[in-house]
Amino acid sequence: MDLSRIERVDDWTWTVPRSAGESRAEVRLFGGRDLLAAMDDKVLEQITNVARLPGLVGCAMAMPDAHWGYGFPIGGVAAFDPEQGGIISAGGVGFDISCGIRCLRSNLTLEAIRPSARALADGLFRDIPAGVGEQGRLKLSPQDLDRVLEGGARWAVAEGYGTEDDLRYVEEEGRVAGAVPGYVSELAKKRQRGEMGTLGSGNHYLEVQSVERIFDEQAARAFGLSQGQVVISIHCGSRGLGHQIGTDYLVSLAKAAQRLGIDLPERELACAPIHSAEGEQYLGAMYAAINIALANRQILAHLARGVFERFCPGAILETLYDVSHNTCKAERHRVDGRERLLYVHRKGATRAFGPGHAALPERYREAGQPVIIGGSMGTGSYVLAGTRESETRAFSSASHGAGRAMSRHQALKRWNGRQVVDELAARGILIRTASMRGAAEEAPGAYKDVHEVAEATERAGLARRVAFLVPRICVKG
DNA sequence: ATGTAC
(Lines give C-alpha, C1' and ligand atoms only; values in the text may rest on other atoms or scores of the structure.)
Protein backbone atom coordinates (compact mmCIF):
# COMPACT_ATOMS: atom_id res chain seq x y z
CA MET A 1 0.00 0.00 0.00
CA ASP A 2 1.20 3.45 -0.86
CA LEU A 3 1.54 5.06 2.58
CA SER A 4 0.96 8.51 1.11
CA ARG A 5 -2.69 7.50 0.61
CA ILE A 6 -3.20 7.05 4.35
CA GLU A 7 -2.68 9.27 7.36
CA ARG A 8 -1.05 8.23 10.59
CA VAL A 9 -3.23 8.56 13.73
CA ASP A 10 -0.60 7.00 15.99
CA ASP A 11 2.19 4.43 15.50
CA TRP A 12 -0.30 1.57 15.11
CA THR A 13 -3.42 3.28 13.71
CA TRP A 14 -4.07 4.89 10.32
CA THR A 15 -6.94 6.61 8.59
CA VAL A 16 -7.89 7.65 5.06
CA PRO A 17 -8.58 11.37 4.59
CA ARG A 18 -11.95 12.15 3.01
CA SER A 19 -11.83 14.02 -0.25
CA ALA A 20 -13.97 17.16 -0.66
CA GLY A 21 -17.68 16.33 -0.67
CA GLU A 22 -17.08 12.67 0.06
CA SER A 23 -19.79 11.50 2.39
CA ARG A 24 -18.83 8.46 4.37
CA ALA A 25 -17.83 7.34 7.85
CA GLU A 26 -14.20 7.36 8.94
CA VAL A 27 -11.99 4.36 8.44
CA ARG A 28 -9.29 2.93 10.66
CA LEU A 29 -6.48 0.63 9.60
CA PHE A 30 -4.56 -1.04 12.40
CA GLY A 31 -0.95 -2.13 12.08
CA GLY A 32 2.64 -0.96 11.97
CA ARG A 33 4.25 0.87 9.06
CA ASP A 34 5.72 -2.31 7.54
CA LEU A 35 2.45 -4.26 7.66
CA LEU A 36 0.57 -1.36 6.07
CA ALA A 37 3.24 -0.83 3.43
CA ALA A 38 2.94 -4.49 2.41
CA MET A 39 -0.87 -4.53 2.56
CA ASP A 40 -2.89 -4.83 -0.64
CA ASP A 41 -4.32 -1.48 -1.88
CA LYS A 42 -7.57 -3.37 -2.33
CA VAL A 43 -8.01 -3.34 1.47
CA LEU A 44 -8.06 0.44 1.41
CA GLU A 45 -10.61 0.56 -1.41
CA GLN A 46 -12.81 -2.07 0.18
CA ILE A 47 -12.85 -0.63 3.70
CA THR A 48 -13.55 2.84 2.29
CA ASN A 49 -16.54 1.38 0.43
CA VAL A 50 -17.78 -0.28 3.62
CA ALA A 51 -17.67 3.15 5.29
CA ARG A 52 -20.31 4.31 2.78
CA LEU A 53 -22.90 1.70 3.82
CA PRO A 54 -26.07 2.92 5.58
CA GLY A 55 -26.28 2.98 9.37
CA LEU A 56 -22.58 2.40 10.04
CA VAL A 57 -21.59 3.38 13.58
CA GLY A 58 -18.12 4.66 14.40
CA CYS A 59 -15.40 3.67 11.93
CA ALA A 60 -15.10 0.94 9.32
CA MET A 61 -11.99 -0.97 10.37
CA ALA A 62 -9.30 -3.22 8.96
CA MET A 63 -7.32 -5.42 11.36
CA PRO A 64 -3.51 -5.80 11.05
CA ASP A 65 -3.91 -9.09 9.13
CA ALA A 66 -6.31 -7.63 6.55
CA HIS A 67 -6.23 -8.67 2.91
CA TRP A 68 -8.47 -8.57 -0.14
CA GLY A 69 -11.82 -10.38 0.17
CA TYR A 70 -15.27 -10.55 -1.43
CA GLY A 71 -16.88 -7.14 -0.79
CA PHE A 72 -15.47 -6.58 2.69
CA PRO A 73 -11.76 -7.21 3.20
CA ILE A 74 -10.86 -10.27 5.25
CA GLY A 75 -9.90 -8.63 8.53
CA GLY A 76 -12.82 -6.18 8.21
CA VAL A 77 -14.94 -5.00 11.16
CA ALA A 78 -18.05 -2.82 10.86
CA ALA A 79 -20.95 -2.19 13.24
CA PHE A 80 -24.44 -1.08 12.18
CA ASP A 81 -27.39 0.35 14.10
CA PRO A 82 -30.71 -1.24 13.05
CA GLU A 83 -32.58 1.87 14.29
CA GLN A 84 -30.63 4.07 11.88
CA GLY A 85 -31.13 2.05 8.73
CA GLY A 86 -28.19 -0.21 9.55
CA ILE A 87 -27.64 -3.08 7.14
CA ILE A 88 -26.57 -6.69 7.15
CA SER A 89 -24.28 -7.90 4.36
CA ALA A 90 -23.36 -11.48 3.41
CA GLY A 91 -20.03 -10.18 2.09
CA GLY A 92 -19.40 -8.72 5.54
CA VAL A 93 -19.62 -12.15 7.14
CA GLY A 94 -17.85 -14.23 4.51
CA PHE A 95 -18.78 -17.40 2.67
CA ASP A 96 -17.47 -19.71 5.35
CA ILE A 97 -19.92 -18.53 8.00
CA SER A 98 -18.58 -18.90 11.56
CA CYS A 99 -15.26 -20.25 10.40
CA GLY A 100 -13.21 -20.28 13.59
CA ILE A 101 -10.75 -22.01 15.86
CA ARG A 102 -11.34 -24.49 18.66
CA CYS A 103 -8.33 -24.63 20.93
CA LEU A 104 -7.85 -27.56 23.31
CA ARG A 105 -5.20 -27.69 26.04
CA SER A 106 -3.80 -31.08 26.95
CA ASN A 107 -2.14 -32.61 29.99
CA LEU A 108 0.74 -33.74 27.75
CA THR A 109 4.19 -32.30 27.16
CA LEU A 110 5.97 -32.16 23.83
CA GLU A 111 8.49 -34.70 25.19
CA ALA A 112 5.71 -37.16 26.03
CA ILE A 113 4.27 -37.21 22.50
CA ARG A 114 7.58 -37.22 20.61
CA PRO A 115 7.94 -41.05 20.38
CA SER A 116 4.39 -41.46 19.03
CA ALA A 117 4.30 -38.34 16.85
CA ARG A 118 4.19 -40.22 13.53
CA ALA A 119 1.53 -42.65 14.69
CA LEU A 120 -0.44 -39.74 16.08
CA ALA A 121 -0.19 -37.83 12.79
CA ASP A 122 -1.32 -40.86 10.80
CA GLY A 123 -4.14 -41.59 13.27
CA LEU A 124 -5.42 -38.03 13.13
CA PHE A 125 -5.26 -38.00 9.33
CA ARG A 126 -7.21 -41.27 9.20
CA ASP A 127 -9.93 -40.26 11.67
CA ILE A 128 -10.42 -36.60 10.71
CA PRO A 129 -12.09 -36.42 7.28
CA ALA A 130 -10.35 -33.68 5.30
CA GLY A 131 -10.55 -32.31 1.76
CA VAL A 132 -13.03 -30.74 -0.64
CA GLY A 133 -16.45 -32.37 -0.47
CA GLU A 134 -15.19 -34.98 1.99
CA GLN A 135 -17.99 -36.68 3.91
CA GLY A 136 -17.88 -37.78 7.52
CA ARG A 137 -19.23 -40.84 9.28
CA LEU A 138 -22.44 -39.11 10.26
CA LYS A 139 -25.32 -39.11 7.82
CA LEU A 140 -28.02 -36.89 9.24
CA SER A 141 -31.69 -37.08 8.36
CA PRO A 142 -33.36 -33.79 7.41
CA GLN A 143 -34.99 -33.72 10.86
CA ASP A 144 -31.64 -34.22 12.62
CA LEU A 145 -29.99 -31.51 10.53
CA ASP A 146 -32.69 -29.05 11.62
CA ARG A 147 -31.84 -29.97 15.22
CA VAL A 148 -28.18 -29.09 14.60
CA LEU A 149 -29.15 -25.80 12.95
CA GLU A 150 -30.93 -24.84 16.15
CA GLY A 151 -28.82 -26.65 18.74
CA GLY A 152 -25.22 -26.09 17.65
CA ALA A 153 -22.51 -27.62 19.85
CA ARG A 154 -25.17 -28.30 22.49
CA TRP A 155 -26.77 -30.75 20.08
CA ALA A 156 -23.39 -32.40 19.53
CA VAL A 157 -22.77 -32.80 23.27
CA ALA A 158 -26.28 -34.22 23.77
CA GLU A 159 -25.43 -36.77 21.05
CA GLY A 160 -22.32 -37.88 22.97
CA TYR A 161 -19.66 -35.75 21.26
CA GLY A 162 -17.81 -34.14 24.14
CA THR A 163 -18.89 -32.82 27.50
CA GLU A 164 -20.96 -30.10 29.13
CA ASP A 165 -17.69 -28.59 30.30
CA ASP A 166 -16.72 -27.93 26.65
CA LEU A 167 -19.80 -25.76 26.17
CA ARG A 168 -18.81 -23.32 28.89
CA TYR A 169 -15.78 -22.40 26.79
CA VAL A 170 -17.49 -22.05 23.42
CA GLU A 171 -18.72 -18.62 22.28
CA GLU A 172 -22.47 -18.32 23.02
CA GLU A 173 -22.03 -21.40 25.23
CA GLY A 174 -22.31 -23.57 22.16
CA ARG A 175 -25.52 -22.29 20.64
CA VAL A 176 -26.45 -18.93 19.20
CA ALA A 177 -30.09 -17.84 19.53
CA GLY A 178 -32.14 -16.67 16.57
CA ALA A 179 -31.38 -19.49 14.12
CA VAL A 180 -34.24 -20.12 11.70
CA PRO A 181 -33.86 -23.42 9.81
CA GLY A 182 -36.78 -22.38 7.59
CA TYR A 183 -34.62 -19.60 6.11
CA VAL A 184 -31.95 -22.10 5.01
CA SER A 185 -32.44 -23.51 1.51
CA GLU A 186 -33.03 -27.22 0.97
CA LEU A 187 -29.87 -27.32 -1.15
CA ALA A 188 -27.78 -25.88 1.68
CA LYS A 189 -29.19 -28.45 4.10
CA LYS A 190 -28.70 -31.31 1.67
CA ARG A 191 -25.05 -30.38 1.15
CA GLN A 192 -24.44 -30.47 4.90
CA ARG A 193 -26.11 -33.77 5.78
CA GLY A 194 -22.96 -35.81 5.20
CA GLU A 195 -20.43 -33.11 6.12
CA MET A 196 -20.75 -32.86 9.90
CA GLY A 197 -17.46 -33.69 11.59
CA THR A 198 -15.31 -32.86 8.56
CA LEU A 199 -12.45 -30.40 8.25
CA GLY A 200 -12.85 -29.13 4.68
CA SER A 201 -10.00 -27.70 2.63
CA GLY A 202 -8.03 -24.52 1.96
CA ASN A 203 -6.63 -22.96 5.11
CA HIS A 204 -8.53 -25.31 7.42
CA TYR A 205 -6.44 -27.54 9.65
CA LEU A 206 -6.14 -29.59 12.79
CA GLU A 207 -2.80 -28.90 14.44
CA VAL A 208 -0.94 -30.42 17.35
CA GLN A 209 1.14 -27.58 18.74
CA SER A 210 3.38 -26.90 21.71
CA VAL A 211 3.63 -23.80 23.85
CA GLU A 212 6.89 -22.16 22.83
CA ARG A 213 6.73 -18.94 24.79
CA ILE A 214 4.60 -17.33 27.48
CA PHE A 215 4.12 -13.54 27.32
CA ASP A 216 1.69 -13.05 30.19
CA GLU A 217 2.10 -15.46 33.13
CA GLN A 218 -1.09 -14.49 34.88
CA ALA A 219 -3.35 -14.82 31.83
CA ALA A 220 -1.55 -18.05 30.83
CA ARG A 221 -2.40 -19.49 34.25
CA ALA A 222 -6.04 -18.55 33.80
CA PHE A 223 -6.01 -20.14 30.32
CA GLY A 224 -4.26 -23.26 31.72
CA LEU A 225 -1.20 -22.83 29.49
CA SER A 226 2.44 -23.51 30.34
CA GLN A 227 5.77 -23.80 28.53
CA GLY A 228 6.24 -27.06 26.57
CA GLN A 229 2.58 -28.08 26.88
CA VAL A 230 0.79 -29.75 23.96
CA VAL A 231 -2.20 -27.85 22.56
CA ILE A 232 -4.57 -28.87 19.74
CA SER A 233 -6.12 -26.26 17.45
CA ILE A 234 -8.92 -26.99 15.01
CA HIS A 235 -9.62 -24.42 12.29
CA CYS A 236 -12.76 -24.92 10.21
CA GLY A 237 -16.27 -23.63 9.67
CA SER A 238 -19.74 -24.38 8.35
CA ARG A 239 -18.62 -26.31 5.24
CA GLY A 240 -21.00 -26.61 2.31
CA LEU A 241 -23.98 -25.23 4.22
CA GLY A 242 -22.42 -21.86 5.04
CA HIS A 243 -21.14 -21.49 1.50
CA GLN A 244 -24.55 -22.26 0.02
CA ILE A 245 -26.25 -19.77 2.36
CA GLY A 246 -23.75 -17.13 1.26
CA THR A 247 -24.45 -17.89 -2.39
CA ASP A 248 -28.24 -17.93 -1.91
CA TYR A 249 -28.39 -14.68 0.03
CA LEU A 250 -26.02 -12.68 -2.15
CA VAL A 251 -28.76 -12.83 -4.75
CA SER A 252 -31.58 -12.12 -2.30
CA LEU A 253 -29.75 -9.22 -0.62
CA ALA A 254 -28.79 -7.68 -3.97
CA LYS A 255 -32.45 -7.67 -4.99
CA ALA A 256 -33.45 -6.14 -1.65
CA ALA A 257 -30.85 -3.38 -2.01
CA GLN A 258 -32.20 -2.56 -5.44
CA ARG A 259 -35.84 -2.66 -4.34
CA LEU A 260 -35.13 -0.40 -1.35
CA GLY A 261 -32.96 2.00 -3.31
CA ILE A 262 -29.75 1.40 -1.34
CA ASP A 263 -26.89 2.93 -3.26
CA LEU A 264 -24.26 0.19 -3.25
CA PRO A 265 -20.66 1.37 -3.60
CA GLU A 266 -19.96 -1.99 -5.20
CA ARG A 267 -22.02 -5.01 -6.30
CA GLU A 268 -20.18 -7.30 -3.90
CA LEU A 269 -21.49 -5.27 -0.96
CA ALA A 270 -25.05 -6.55 -1.49
CA CYS A 271 -26.94 -5.86 1.72
CA ALA A 272 -30.36 -5.18 3.19
CA PRO A 273 -31.54 -3.27 6.24
CA ILE A 274 -31.44 -5.39 9.39
CA HIS A 275 -35.13 -4.47 9.73
CA SER A 276 -36.25 -5.84 6.35
CA ALA A 277 -37.64 -9.20 5.25
CA GLU A 278 -34.44 -10.17 3.42
CA GLY A 279 -32.22 -8.90 6.22
CA GLU A 280 -34.11 -10.89 8.83
CA GLN A 281 -34.05 -13.98 6.64
CA TYR A 282 -30.31 -13.78 6.11
CA LEU A 283 -29.76 -13.26 9.84
CA GLY A 284 -31.87 -16.34 10.69
CA ALA A 285 -29.99 -18.46 8.15
CA MET A 286 -26.59 -17.06 9.17
CA TYR A 287 -27.22 -17.82 12.86
CA ALA A 288 -28.19 -21.36 11.85
CA ALA A 289 -24.86 -21.66 10.02
CA ILE A 290 -23.05 -20.45 13.15
CA ASN A 291 -24.64 -23.35 15.03
CA ILE A 292 -23.53 -25.78 12.33
CA ALA A 293 -19.93 -24.56 12.63
CA LEU A 294 -20.00 -24.78 16.44
CA ALA A 295 -21.36 -28.34 16.22
CA ASN A 296 -18.80 -29.25 13.58
CA ARG A 297 -15.84 -28.14 15.70
CA GLN A 298 -17.37 -29.92 18.72
CA ILE A 299 -17.49 -33.21 16.78
CA LEU A 300 -13.95 -32.72 15.46
CA ALA A 301 -12.69 -32.11 19.02
CA HIS A 302 -14.35 -35.39 20.03
CA LEU A 303 -12.68 -37.23 17.13
CA ALA A 304 -9.29 -35.78 18.11
CA ARG A 305 -9.81 -37.00 21.68
CA GLY A 306 -10.46 -40.51 20.38
CA VAL A 307 -7.16 -40.53 18.50
CA PHE A 308 -5.20 -39.16 21.47
CA GLU A 309 -6.71 -41.76 23.81
CA ARG A 310 -5.47 -44.48 21.47
CA PHE A 311 -1.91 -43.22 21.00
CA CYS A 312 -1.35 -41.33 24.26
CA PRO A 313 -3.27 -43.23 26.96
CA GLY A 314 -4.37 -40.97 29.79
CA ALA A 315 -4.45 -37.89 27.55
CA ILE A 316 -6.96 -35.24 28.60
CA LEU A 317 -8.00 -32.57 26.08
CA GLU A 318 -9.98 -29.70 27.60
CA THR A 319 -11.53 -26.91 25.56
CA LEU A 320 -9.59 -23.70 26.16
CA TYR A 321 -11.89 -21.71 23.93
CA ASP A 322 -13.80 -21.82 20.65
CA VAL A 323 -13.87 -18.52 18.82
CA SER A 324 -15.45 -17.72 15.45
CA HIS A 325 -14.01 -15.20 13.02
CA ASN A 326 -16.66 -14.90 10.29
CA THR A 327 -19.86 -13.64 11.90
CA CYS A 328 -22.29 -10.82 12.40
CA LYS A 329 -23.67 -10.64 15.91
CA ALA A 330 -26.04 -8.39 17.82
CA GLU A 331 -24.09 -6.94 20.75
CA ARG A 332 -24.44 -4.06 23.19
CA HIS A 333 -21.70 -1.45 22.87
CA ARG A 334 -21.16 1.93 24.46
CA VAL A 335 -20.97 4.66 21.87
CA ASP A 336 -20.53 8.28 22.94
CA GLY A 337 -21.59 7.37 26.48
CA ARG A 338 -24.76 5.59 25.39
CA GLU A 339 -25.31 1.82 25.22
CA ARG A 340 -26.64 0.69 21.86
CA LEU A 341 -27.57 -2.62 20.27
CA LEU A 342 -25.34 -2.96 17.23
CA TYR A 343 -24.85 -5.64 14.58
CA VAL A 344 -21.11 -6.15 14.44
CA HIS A 345 -19.75 -7.73 11.27
CA ARG A 346 -16.43 -9.46 11.87
CA LYS A 347 -15.05 -11.00 8.71
CA GLY A 348 -11.69 -12.59 9.35
CA ALA A 349 -11.72 -10.90 12.74
CA THR A 350 -12.39 -12.32 16.19
CA ARG A 351 -14.58 -11.06 18.96
CA ALA A 352 -12.25 -9.99 21.79
CA PHE A 353 -14.17 -9.10 24.94
CA GLY A 354 -12.08 -7.51 27.66
CA PRO A 355 -11.78 -8.36 31.37
CA GLY A 356 -15.04 -8.24 33.29
CA HIS A 357 -17.34 -8.81 30.31
CA ALA A 358 -20.51 -10.62 31.38
CA ALA A 359 -20.37 -13.03 28.42
CA LEU A 360 -17.08 -14.53 29.59
CA PRO A 361 -16.91 -17.73 31.63
CA GLU A 362 -15.93 -17.16 35.26
CA ARG A 363 -12.49 -18.68 34.69
CA TYR A 364 -11.55 -15.97 32.17
CA ARG A 365 -13.51 -13.08 33.64
CA GLU A 366 -10.36 -11.44 35.01
CA ALA A 367 -7.95 -12.21 32.15
CA GLY A 368 -10.27 -11.36 29.24
CA GLN A 369 -11.56 -13.49 26.39
CA PRO A 370 -9.10 -15.89 24.77
CA VAL A 371 -8.35 -14.66 21.23
CA ILE A 372 -6.65 -17.00 18.78
CA ILE A 373 -4.48 -15.86 15.89
CA GLY A 374 -4.00 -18.92 13.72
CA GLY A 375 -0.72 -18.93 11.84
CA SER A 376 0.50 -20.82 8.79
CA MET A 377 1.57 -24.46 9.11
CA GLY A 378 5.24 -23.55 9.30
CA THR A 379 5.34 -20.65 11.73
CA GLY A 380 2.91 -20.82 14.62
CA SER A 381 -0.11 -19.32 16.31
CA TYR A 382 -0.78 -16.90 19.13
CA VAL A 383 -3.19 -17.00 22.04
CA LEU A 384 -4.08 -13.49 23.20
CA ALA A 385 -6.52 -12.01 25.68
CA GLY A 386 -9.15 -9.36 24.99
CA THR A 387 -8.60 -5.88 26.46
CA ARG A 388 -10.94 -3.17 27.76
CA GLU A 389 -9.32 -0.77 25.33
CA SER A 390 -10.49 -2.82 22.35
CA GLU A 391 -14.10 -1.97 23.24
CA THR A 392 -13.55 1.71 22.49
CA ARG A 393 -11.11 1.15 19.64
CA ALA A 394 -12.76 -1.64 17.66
CA PHE A 395 -16.05 -2.79 19.23
CA SER A 396 -14.00 -5.48 21.00
CA SER A 397 -12.41 -7.04 17.93
CA ALA A 398 -8.96 -8.35 17.07
CA SER A 399 -6.99 -10.14 14.35
CA HIS A 400 -7.81 -13.72 13.41
CA GLY A 401 -4.72 -15.08 11.68
CA ALA A 402 -1.45 -14.38 9.97
CA GLY A 403 -3.43 -13.27 6.92
CA ARG A 404 -2.42 -14.06 3.36
CA ALA A 405 0.38 -11.99 1.89
CA MET A 406 0.03 -13.59 -1.53
CA SER A 407 -2.85 -15.02 -3.58
CA ARG A 408 -3.34 -18.77 -3.90
CA HIS A 409 -2.54 -18.45 -7.58
CA GLN A 410 0.77 -16.70 -6.89
CA ALA A 411 1.65 -19.29 -4.24
CA LEU A 412 0.99 -22.15 -6.70
CA LYS A 413 3.40 -20.64 -9.20
CA ARG A 414 6.08 -20.19 -6.58
CA TRP A 415 6.00 -23.43 -4.56
CA ASN A 416 5.69 -27.15 -5.07
CA GLY A 417 3.47 -28.91 -2.50
CA ARG A 418 5.66 -31.97 -2.06
CA GLN A 419 8.70 -29.77 -1.47
CA VAL A 420 6.84 -27.66 1.09
CA VAL A 421 5.81 -30.80 3.00
CA ASP A 422 9.34 -32.27 2.86
CA GLU A 423 10.96 -29.04 4.02
CA LEU A 424 8.58 -28.82 6.97
CA ALA A 425 9.25 -32.50 7.83
CA ALA A 426 12.98 -31.69 7.90
CA ARG A 427 12.16 -29.05 10.51
CA GLY A 428 10.23 -31.62 12.57
CA ILE A 429 6.74 -30.51 11.49
CA LEU A 430 4.66 -33.46 10.25
CA ILE A 431 2.13 -32.54 7.56
CA ARG A 432 -0.63 -34.91 6.51
CA THR A 433 -2.72 -33.64 3.61
CA ALA A 434 -5.21 -34.82 1.02
CA SER A 435 -3.95 -32.20 -1.47
CA MET A 436 -0.40 -31.34 -2.48
CA ARG A 437 -1.81 -28.45 -4.45
CA GLY A 438 -3.34 -27.23 -1.20
CA ALA A 439 0.04 -27.56 0.52
CA ALA A 440 1.60 -25.27 -2.12
CA GLU A 441 -1.21 -22.71 -1.76
CA GLU A 442 -0.72 -22.80 2.00
CA ALA A 443 3.09 -22.51 1.94
CA PRO A 444 4.21 -20.57 5.02
CA GLY A 445 5.82 -17.96 2.76
CA ALA A 446 2.41 -17.07 1.33
CA TYR A 447 1.40 -15.60 4.70
CA LYS A 448 2.26 -12.42 6.55
CA ASP A 449 4.64 -12.66 9.51
CA VAL A 450 2.42 -13.85 12.36
CA HIS A 451 4.75 -12.27 14.93
CA GLU A 452 4.32 -8.90 13.30
CA VAL A 453 0.53 -9.32 13.24
CA ALA A 454 0.38 -10.37 16.90
CA GLU A 455 2.62 -7.51 17.97
CA ALA A 456 0.59 -4.97 15.99
CA THR A 457 -2.61 -6.39 17.50
CA GLU A 458 -1.21 -5.77 20.97
CA ARG A 459 0.31 -2.35 20.23
CA ALA A 460 -2.93 -1.18 18.65
CA GLY A 461 -4.67 -2.10 21.93
CA LEU A 462 -6.91 -4.77 20.35
CA ALA A 463 -5.72 -7.73 22.48
CA ARG A 464 -2.57 -8.62 24.41
CA ARG A 465 -0.27 -11.55 23.76
CA VAL A 466 -0.44 -14.49 26.17
CA ALA A 467 1.34 -17.42 24.49
CA PHE A 468 3.01 -18.43 21.24
CA LEU A 469 2.36 -21.94 19.90
CA VAL A 470 4.49 -23.78 17.34
CA PRO A 471 3.10 -26.50 15.06
CA ARG A 472 4.29 -30.13 15.45
CA ILE A 473 1.64 -32.06 13.49
CA CYS A 474 -0.70 -30.55 10.93
CA VAL A 475 -3.62 -32.29 9.25
CA LYS A 476 -4.58 -30.14 6.23
CA GLY A 477 -7.65 -30.30 4.05
C1' DA B 1 -14.12 -20.79 1.77
C1' DT B 2 -16.65 -24.02 -2.07
C1' DG B 3 -20.08 -30.93 -4.89
C1' DT B 4 -13.18 -24.78 -6.31
C1' DA B 5 -15.41 -21.97 -12.96
C1' DC B 6 -21.72 -18.68 -15.79
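The analysis underlying the following values was restricted to heavy atoms, covering all of them including side chains, and did not include hydrogens, waters or symmetry mates. Order of the sequence lines fixes the chain letters, A, B, ..., with proteins taken first and strands second; residue numbering starts at 1 for each chain.
A:Gly202 comes within 4.0 angstrom of the backbone, heavy atoms only, and of no base. Using a 4.0 Å heavy-atom criterion, one finds that A:Arg404 contacts no nucleic acid atom at all. Across all strands shown, A:Gln192 has no heavy atoms under 4.0 Å from either base or sugar-phosphate atoms.
Contacts between residues 240-250 of chain A and DNA chain B, counted as heavy-atom distances below 4.0 Å, involve A:Gly240, A:His243.
With contacts defined as side-chain heavy-atom distances shorter than 4.5 Å, the pair A:Cys103/A:Val231 qualifies.
Checking side-chain atoms of A:Gln298 against main-chain N and O of A:Ala153 turns up no donor-acceptor pair under 3.5 Å.
More than 12 heavy atoms of other residues, nucleotides or ligands lie within 6.0 Å of CD in A:Gln135, so this atom counts as buried by the packing criterion.
Taking 4.0 angstrom as the limit, A:Ser201 places a side-chain polar atom (N or O) nearer than this to OP1 or OP2 of B:dT2.
A salt bridge links A:Glu171 to A:Lys329: at least one charged side-chain nitrogen sits closer than 4.0 Å to a carboxylate oxygen.
Whole-Å rounding puts the A:Arg239 CZ to B:dT4 C1' distance at 12 Å. Rounded to an integer number of Å, the gap from CD of A:Glu195 to P of B:dT2 is 8 Å. For the pair A:His409 NE2 and B:dT4 C1', the interatomic distance rounds to 14 Å; values are reported in whole Å. At whole-Å resolution of the value, CZ in A:Arg437 and C1' in B:dT2 are 13 Å apart.
A ring-centre distance under 6.0 Å is found for A:His235 and A:His325. Ring pair A:Phe223/A:Tyr321: centre-to-centre distance not below 6.0 Å.
Place A:Val132 and A:His204 on DNA chain B by their nearest nucleotides, and A:His204 ends up nearer the 5' end.
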